[in-house]
Amino acid sequence: MARLVLKFGGTSVATIERIRNVALHVKREVDAGHQVAVVVSAMSGKTNELVGWCREASALHDAREYDAVVASGEQITAGLLAITLQSMGLDARSWLGWQIPILTDGAHGAARITGMDGAPLIEAFEKNNQIAVIAGFQGIHQQTGRITTLGRGGSDTSAVAVAAAINADRCDIYTDVDGVYTTDPRVVPHASRLDRVSFEEMLEMASLGAKVLQVRSVELAMLYKVRTFVRSSFDDPAAPRPGTLICDEEDILEQQVVTGIAFSRDEAQITLRRVADHPGIAAAIFGPLADANINVDMIIQVVSDDTTTTDITFTVPASSYERARQILEDHRATIGFTSLQGATDVVKISAIGIGMRSHAGVAARAFRALADKGINIRAITTSEIKFSVLIDAEYTELAVRTLHALYGLDRKPEAETKAAS
Ligand code: ADP
Ligand code: ASP
Ligand code: MG
């Protein structure tokens, strides 16, 4: 007997028929004698609809009420799956975040889980052999008693947190692809599926735009050593394939220099022209942005030819762009720039691989390959196991495919034949 957490994302529970299919996956594990907790997302498109309603009601709205609204999508799915499992003769009940409870901080809309007691779930397994169907994405802020949500894609994090709290043997993240690929298979159809990917690389891929797992879920899996797989709910429920295991670096035998390519469209570029070049100027620019919780990513500072002024370029999330502009304009007198230029039609493309630690010149090859395709690079950042370039959004697919091929990540023809047969 093992204790398992099974998580099903939006497309996997999009209709009642798909919820029945999910129930078959759950039944397979229960029939095999396992104790099962299921974490579900809202039905596909539901969260977007709920977010849209909040914005329609008022562009500036109370974040606590936003959470009360958007958390409701998962409540529906949890109830529906429990009903479906019961109709198949299985004992199941739904659990909302506050009922377990899953405790979070008070950062409404992007809350972090601070604690969770797995005891009530374990008691339900031990006493009644009951399946726990848990609404993902939501928790409760203990101090205020208000419902919170964990940020978009947060059900992945709920699943890993539940797995850690009940000391599960495995956490299976079921989605609409059969594992983690070398890049988004929707952009590169011949991307390769990875049997294993290290926590560090998955963390980078997720934070650099691969939305297959929420970043925080990978952090928790790494911290609590949760054995986590990404796999497909569209596989035959009687004989599903194992998917991709997220594991320690040491458990991967054949390590490539570059493991994956990620991209993020949620980027905006800001350039401040002719900023006075003296100590404290970076603090004057980035301090107010940090105070407003705006994440600044790539930063480039160029000394202009008069040596008394400098140009500074940096990126912020596209969603923070207008706010960032406003803050900089408000602080114009202290910063002292002559003009502010911005662009939102930009994308960040990143290559990730632990092998970069021991190989020189990996990024240089990319710069050459992109130049050969006529793609201009606006900004570059590098760190130990990744590098990123900021380019015009219109070249996204071309750049991703170019880098994917450059590092030998395209699926080999033999594998393609095998997959087709
Ligand atoms: P769910 O609703 O199940 O949580 P998501 O839409 O959040 O599913 O995540 C799955 C999607 O992530 C896939 O459909 C795929 O397009 C996208 N994706 C992006 N990068 C990758 C990658 N490297 N490997 C697999 N899927 C990826
Ligand atoms: N339903 C939420 C969202 O769409 C959480 C999730 O799917 O993980 O972001
Ligand atoms: Mg998701």
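Ligands are counted one by one from 1 in listed order, and the atoms in each one are counted from 1 as well.
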Looking at K211 and D184, does any basic side-chain N land under 4.0 Å from a carboxylate oxygen? no

Ligand 1 contacted by [X] (non-hydrogen, < 4.0 Å):
| X | result |
| --- | --- |
| K7 | yes |
| G179 | yes |
| S12 | no |

Protein contact to atom 9 (O) of ligand 2 [nearest heavy atom, distance to 0.1 Å]: R152 NE, 2.7 Å

Closest to atom 7 (O) of ligand 2 among protein heavy atoms sits S41 OG, 3.2 Å

Check for me whether G154 has a heavy atom closer than 4.0 Å to any atom of ligand 2. yes

Would the number of heavy atoms belonging to other residues, nucleotides or ligands and lying under 6.0 Å from OH of Y395 be above 12? no

Could you check whether atom CZ of R357 has more than 12 heavy atoms from other residues, nucleotides or ligands sitting under 6.0 Å from it? yes

[X], portion touching ligand 1 at heavy-atom distance under 4.0 Å:
| X | result |
| --- | --- |
| T175 | both |
| Q214 | neither |
| I173 | neither |
| P185 | side chain |
| R186 | side chain |

When you compare ligand 2 with E74, is there at least one nitrogen or oxygen pair between them that comes in under 3.5 angstrom? yes

Would you check the N or O atoms of G153, main chain and side chain alike, for any that come under 3.5 Å of an N or O of ligand 2? yes

Number the atoms of ligand 1 from 1 as they appear, then name those within less than 4.0 Å of a heavy atom of [X], with their elements.
| X | answer |
| --- | --- |
| A210 | 20 (N) |
| M205 | 23 (N) |
| V180 | 24 (N) |

Under 4.5 Å between any side-chain heavy atoms of I270 and L328, yes or no? yes

